[in-house]
Enquirer: 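Dropping the structure in here first, questions after.
Per chain, numbering begins at 1; letters A, B, ... match sequence-line order.
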Protein chains: 2
Amino acid sequence: MGRWEPNARGRLEQAALALYSERGFEQTTAAQIAERAGLTERTFFRHYADKREVLFGGAHALEEAFVDALTGAPDTAAPIDAMASTLEAVASFFRERHEFARQRQAVIMANAELRERELIKLASLSSALAATLRRRGVKDSVAALTAEVGIAVFKVGFERWVEDDGKRPLADFLRESLGELTVVASGD
Amino acid sequence: MGRWEPNARGRLEQAALALYSERGFEQTTAAQIAERAGLTERTFFRHYADKREVLFGGAHALEEAFVDALTGAPDTAAPIDAMASTLEAVASFFRERHEFARQRQAVIMANAELRERELIKLASLSSALAATLRRRGVKDSVAALTAEVGIAVFKVGFERWVEDDGKRPLADFLRESLGELTVVASGD
DNA sequence: ACACCGATGACAGTGACTGTCATCGCGTAG
DNA sequence: CTACGCGATGACAGTCACTGTCATCGGTGT
């Protein structure tokens, strides 16, 4: 694979997260990341489209997990119930990754550009979920709203889990958040 | 106010929207926008923090309209009902601006960076709405979810309105979108 | 007329990102 | 074993977004 040490991408990712944590995102140059990874700036941009993307390498896998879970939900389940079981399934994606998620989240929340990137990844995820729902025969508008709402529930639950001590599983927080949605939408 | 012609900000905004529409966002340089507005690149960046921000000058006023409307909702209204009346009130913000909104939306949707900026503006709006709900005594989690859901409803309705011919008022689309939310959350 | 001040211009500088071409190291055909 | 092919990397120049700094303009109040 690589010319010298293997796993260039992984080294860049580790170096970036470390530097972003230590000195902040803006204060870190692409050249510094590359240097710590034993590569050049040019190679950094061959692996990642920009400085932010290095923190979102896992987004594609997460989207896949979401779509797979939603696709596998029982055909008879109502959209919101399919979404509920999807959240349940996806929670395992983050098992054993609480510490990593915490550090990454801290870096992202500390910088506006990174928050922007996070939001568009979630929007892409929402869009993929809506498409999957449509494939299940759900009406366009209902699919879009169910997906948006599902992501909203995920966000709220995920943020609380990250702030927690990592002992309670993510699934707990997602269930809690979903329960609150029902309260909200029914008019309290 | 200005040293030469007045309304430098407005001229920059118009020039930017025109150029972004004509040749695309990425193909437009800040210097070109400034030149068309009869100013220099440096002055462009004095008025707008970056190339994207020039398209989002109205975001602050919109957020204000949202917050004011939500603040003015009857104290007795349930969160989701207060949100409904807020959407109703905010719809007038876009009256007579369908053509402008359409052109702006086309530019934004054609570029990923601009979509990112749009999303973070909406997130900021959601956050402001949640804070306003909390001020009404709504529990944190319910406030956050109601705000997120309210924005989701707004997005869906707004996008349909923009794609429409401009004859039907935005409020119609927002009501329609809100109606669908009820269907979704109740389990279809 | 004069002093003051906010908005603008001029200019240099940093860093993100790109295009291009040479080079390296490994697998493979011969 | 050797020559060749090819993907990954390095080297280097270039564009452009964005910033810091200082001079200058034009209106305002005295």
Enquirer: Any residue in residues 16-35 of chain B with a heavy atom nearer than 4.0 angstrom to DNA chain C? Just list them by number, or reply none.
Expert: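 Listed by number, there are none.
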Enquirer: With B:L114 as reference, evaluate B:E26, B:M109, B:R104, B:R52 under the side chain to side chain contact (heavy atoms under 4.5 Å, CB included) test and give the passing residue.
Expert: B:R52
Enquirer: In whole angstrom, what separates B:E113's CD from D:dA17's C1'?
Expert: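 Nearest whole value for this atom pair: 10 Å.
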Enquirer: Round to the nearest Å and state the distance from B:E53 atom CD to D:dC18 atom C1'.
Expert: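 Spelled out: CD on B:E53 to C1' on D:dC18 is 14 Å.
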Enquirer: Once you round it to whole Å, what is the distance between C1' of D:dC18 and CG of B:L12?
Expert: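 Between C1' of D:dC18 and CG of B:L12: 15 Å.
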Enquirer: Look at the aromatic rings of A:F158 and A:F154 and report parallel, tilted or perpendicular, splitting at 30° and 60°.
Expert: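 Ring orientation, 0 to 90° scale: parallel.
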Enquirer: Taking only heavy atoms on the protein side, list every residue of residues 40-48 of chain B lying under 4.0 Å from any atom of DNA chain C, sorted numerically.
Expert: B:T40, B:R42, B:T43, B:R46, B:H47
Enquirer: If I take atom NZ in residue A:K51 and atom C1' in nucleotide D:dC18, what distance separates them, rounded to the nearest angstrom?
Expert: 13 Å
Enquirer: Does the ring of A:Y48 carry A:R9 above it, NZ/CZ under 6.0 angstrom from centre and within 45° of its axis?
Expert: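 Yes.
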Enquirer: Any donor and acceptor pair, going by atom type alone, linking the side chain of A:R102 with main-chain N or O of A:V162 inside 3.5 Å?
Expert: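 Between the backbone of A:V162 and the side chain of A:R102 there is no qualifying donor-acceptor contact (under 3.5 Å).
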Enquirer: Using distance alone, with no hydrogens and no angle criterion, decide if B:T43 and B:T40 have a side-chain donor and acceptor under 3.5 Å apart.
Expert: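 The criterion, which ignores hydrogens and geometry beyond distance, is satisfied for B:T40 and B:T43.
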Enquirer: Give the rounded distance in Å between these two atoms: CG of B:N111 and C1' of D:dA17.
Expert: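 My rounded result for the distance is 14 Å.
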Enquirer: State plainly whether the residues A:R46 and A:E41 are in salt-bridge range, i.e. N to O under 4.0 Å.
Expert: no
Enquirer: Between C:dA16 atom P and B:D50 atom CG, what is the distance in whole Å?
Expert: 16 Å
Enquirer: Between the side chains of B:R36 and B:Q14, is a donor N or O closer than 3.5 angstrom to an acceptor N or O?
Expert: no
Enquirer: Look at B:E63 together with B:K121 and state whether they make a salt bridge at an N to O cut-off of under 4.0 Å.
Expert: no
Enquirer: Rounded to whole Å, how long is the line connecting atom CG of A:L39 with atom P of C:dC24?
Expert: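 Computing the A:L39:CG to C:dC24:P distance gives 17 Å.
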